[in-house]
There are 2 protein chains.
Amino acid sequence: MGLKIGELAKATGTKVETVRYYERIGLLPEAERTSGNYRSYAPAHLDQLNFIRHARRLGFDIADIRSLLDLAGQPERDCAEVDRIASGHLRAVEDKIARLALLREELNRMIGQCRGGSVGNCRIIETLADHGLCESDHGGG
Amino acid sequence: MGLKIGELAKATGTKVETVRYYERIGLLPEAERTSGNYRSYAPAHLDQLNFIRHARRLGFDIADIRSLLDLAGQPERDCAEVDRIASGHLRAVEDKIARLALLREELNRMIGQCRGGSVGNCRIIETLADHGLCESDHGGG
DNA sequence: ATGCACCCTGTAGCAGCTACAGGGTCAAGG
DNA sequence: CCTTGACCCTGTAGCTGCTACAGGGTGCAT
């Protein structure tokens, strides 16, 4: 009566292997089994997998999603913790953007200096060979 | 007479294990060995490792760096290929930034809707549970 | 001879999947 | 009844770019 794993996967835009992976790491609860040992999923699984996939698409990592699922299961709790997780993730995303923006500038400058010609006097290669030629701090990370 | 691996590592801001890793995958040529079987690095190694580290800091992946090193060793060649690699990477970085910016918007909206209170009516949890509540296409990928 | 900092090899772990190999199940068609 | 094909099962290895051991050797000072 429940969904087979392939159906669940299709319904949520997930790969079958990924569903099994989520089960293995305990992110998705184990499904009932049919007499033929096939997994059989209930609507609750569908909801939870949708939640997981959505959170993943938003870039939350598995540990965060675990916490969020846990919290979602305790509706009476204060949602400050939810907020904390989401805000922390937002900050991480902003950080990543900032770092990538620095790389973009540096790459742009590097590429802009290349006037064609031979590798021997290619500014891109020169710049890569000598960090001193860089302006910004696209530094250690 | 050459540098020991720890000295090379320090001089380039690399970990010793990483240097050995680069050698193992053939990114850095093998070093001479002392009578005691210690690696002994020449200045050329130092230059190459600096090149590698700089490229890594700029986000190039190992395959790209392999190509760049290869090209750097053929100074008479046209640098169009170098340009192609760098530009491709720049585009990848821009792509990543664009995708992260979408996530940032969506996260911002989600978090902005949370008015405190209990998890039971937390907009963050609701939004995660239902992708339909999203506006942007922070979609599959 | 003893201690210590450094070096060696080899292997396993991280995240988050993905992709097999080598089998079983089930419904349809001949 | 038997086969074909689509699906399912478990278990394990691979991807990227390192990082972190374990279990040993080297080299120099005391």
Side-chain angles (χ1 to χ4, degrees), chain A residues 1-28 30-41 45 49 51-69 88-89 92-93 96 99 103 140-141, chain B residues 1-28 30-41 45 48-49 51-69 89 92-93 96 99 103 140-141:
Chain A
M1 283 219 357
L3 294 164
K4 277 190 278 185
I5 195 169
E7 294 164 341
L8 179 73
K10 202 165 195 180
T12 55
T14 315
K15 300 205 173 177
V16 166
E17 284 97 338
T18 305
V19 177
R20 283 196 283 249
Y21 169 70
Y22 287 159
E23 179 185 301
R24 202 162 59 243
I25 65 172
L27 195 61
L28 197 60
E30 292 187 19
E32 302 288 310
R33 297 294 182 122
T34 67
S35 59
N37 199 31
Y38 284 16
R39 287 172 182 83
S40 174
Y41 290 97
H45 286 105
L49 186 49
F51 185 104
I52 292 168
R53 293 308 288 174
H54 193 189
R56 286 294 297 130
R57 261 180 265 121
L58 284 167
F60 287 95
D61 64 23
I62 302 277
D64 278 351
I65 296 176
R66 240 183 254 278
S67 307
L68 289 170
L69 283 170
H89 179 49
V93 168
K96 225 178 243 175
R99 263 180 290 115
L103 294 197
Chain B
M1 285 209 357
L3 295 166
K4 277 192 277 184
I5 195 169
E7 294 164 340
L8 178 72
K10 202 167 196 178
T12 56
T14 314
K15 301 208 169 172
V16 166
E17 285 97 338
T18 304
V19 178
R20 283 197 285 248
Y21 169 70
Y22 288 159
E23 179 185 303
R24 203 162 58 243
I25 64 171
L27 195 61
L28 197 60
E30 292 188 19
E32 302 288 310
R33 297 293 181 123
T34 68
S35 60
N37 200 31
Y38 285 15
R39 288 173 181 81
S40 175
Y41 291 98
H45 285 105
Q48 181 151 341
L49 186 50
F51 185 104
I52 292 168
R53 292 309 288 174
H54 192 189
R56 285 294 298 130
R57 261 181 266 122
L58 284 166
F60 287 95
D61 64 22
I62 303 277
D64 278 351
I65 296 176
R66 240 183 253 278
S67 306
L68 290 169
L69 283 170
H89 179 48
V93 168
K96 224 177 245 178
R99 261 180 291 114
L103 294 196

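Values below: every heavy atom of this structure, side chains too, minus hydrogens, waters and symmetry copies. Labels below follow one simple rule: chain letters A, B, ... track the order of the sequence lines, proteins then strands, and each chain is numbered from 1.
- Counting to the nearest Å, the C1' atom of C/dT18 and the CZ atom of A/Arg24 are 11 Å from each other.
- Considering only heavy atoms from C-beta on, A/Thr34 stays 4.5 Å or farther from A/Lys4 through its side chain.
- In this structure A/Arg33 satisfies the side-chain hydrogen bond (donor to acceptor under 3.5 Å, both in side chains) test together with A/Asn37, sequence neighbours excluded.
- Taking five base pairs at each end of the helix from C/dA1-D/dT30 to C/dG30-D/dC1, the local helix axes there meet at an angle of 40°, rounded to 10°.
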**Message:** Test side-chain contact (heavy atoms from CB on, under 4.5 Å) on B/Leu27 and B/Leu69; report intermediate values, then the result.
**Reply:** CA-CA 9 Å; B/Leu27 195 61; B/Leu69 283 170; 4.1 Å; yes
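- No side-chain heavy atom of B/Leu103 sits under 4.5 Å from any side-chain heavy atom of B/Arg99.
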Kindly list each side-chain donor-acceptor pair under 3.5 angstrom involving residues 8-17 of chain A, sequence neighbours excluded, with atom names and distances?
from    : atom 1 : to      : atom 2 : distance (Å)
A/Thr12 : OG1    : A/Leu8  : O      : 2.9
A/Thr12 : OG1    : A/Ala9  : O      : 3.2
A/Thr12 : OG1    : A/Thr14 : OG1    : 2.7
A/Thr14 : OG1    : A/Thr12 : O      : 3.4

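- At the phosphate of D/dT10, OP1 or OP2 sits under 4.0 Å from a side-chain N or O atom of A/Arg33.
- Taking a 6.0 Å sphere around CD of A/Glu32, one finds it holds 12 or fewer heavy atoms contributed by other residues, nucleotides or ligands.
- The CD atom of B/Glu17 sits 13 Å away from the C1' atom of D/dG17 (whole-angstrom rounding).
- Taking B/Tyr38 as the reference, nothing meets the side-chain hydrogen bond (donor to acceptor under 3.5 Å, both in side chains) condition, with sequence neighbours excluded.
- Regarding B/Glu23, its CD atom lies at a distance of 17 Å from the C1' atom of D/dT19, rounded to whole Å.
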Would you list the protein and nucleotides 2-7 of chain C atom pairs, both N or O, that sit under 3.5 Å from each other?
from  : atom 1 : to     : atom 2 : distance (Å)
C/dC7 : OP1    : B/Gly6 : N      : 2.7

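- For A/Ile25 and D/dG11, the CD1 to P distance is 17 Å, given to the nearest whole Å.
- Of the side-chain N and O atoms in A/Thr18, one or more sit less than 4.0 angstrom from OP1 or OP2 of C/dT18.
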Produce the list of close N/O pairs, under 3.5 Å, pairing protein atoms with atoms of nucleotides 14-16 of chain C; give distances to one decimal.
from   : atom 1 : to      : atom 2 : distance (Å)
C/dG16 : OP2    : A/Ile62 : N      : 3.4
C/dG16 : O3'    : A/Arg56 : NH2    : 3.4

Could you run down the sub-3.5 Å N/O contacts of the protein with nucleotides 1-3 of chain D?
none

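- Listed by chain and residue number, nothing satisfies the side-chain hydrogen bond (donor to acceptor under 3.5 Å, both in side chains) test with B/Thr18 (two or more places apart in sequence, or in another chain).
- For B/Arg57 and D/dC18, the CZ to P distance is 11 Å, given to the nearest whole Å.
- B/Tyr41 pairs by the ring-ring contact (aromatic ring centres under 6.0 Å, His included) definition with B/His45, not counting sequence neighbours.
- Residues passing the salt bridge (charged side-chain N to carboxylate O under 4.0 Å, His left out) test with B/Arg56: none are found, sequence neighbours excluded.
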Subject >> Check against side-chain contact (heavy atoms from CB on, under 4.5 Å), B/Leu49 and B/Arg53 >> reply: CA-CA 6 Å; B/Leu49 186 50; B/Arg53 292 309 288 174; 4.1 Å; yes
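- With sequence neighbours left out, A/Glu23 forms a side-chain hydrogen bond (donor to acceptor under 3.5 Å, both in side chains) with A/Arg39.
- Contact between the side-chain N/O atoms of B/Lys15 and the OP1/OP2 oxygens of D/dG17 is not found at any separation under 4.0 Å.
- At least one donor-acceptor pair under 3.5 Å links the side chain of B/His89 to the backbone N or O of B/Leu58.
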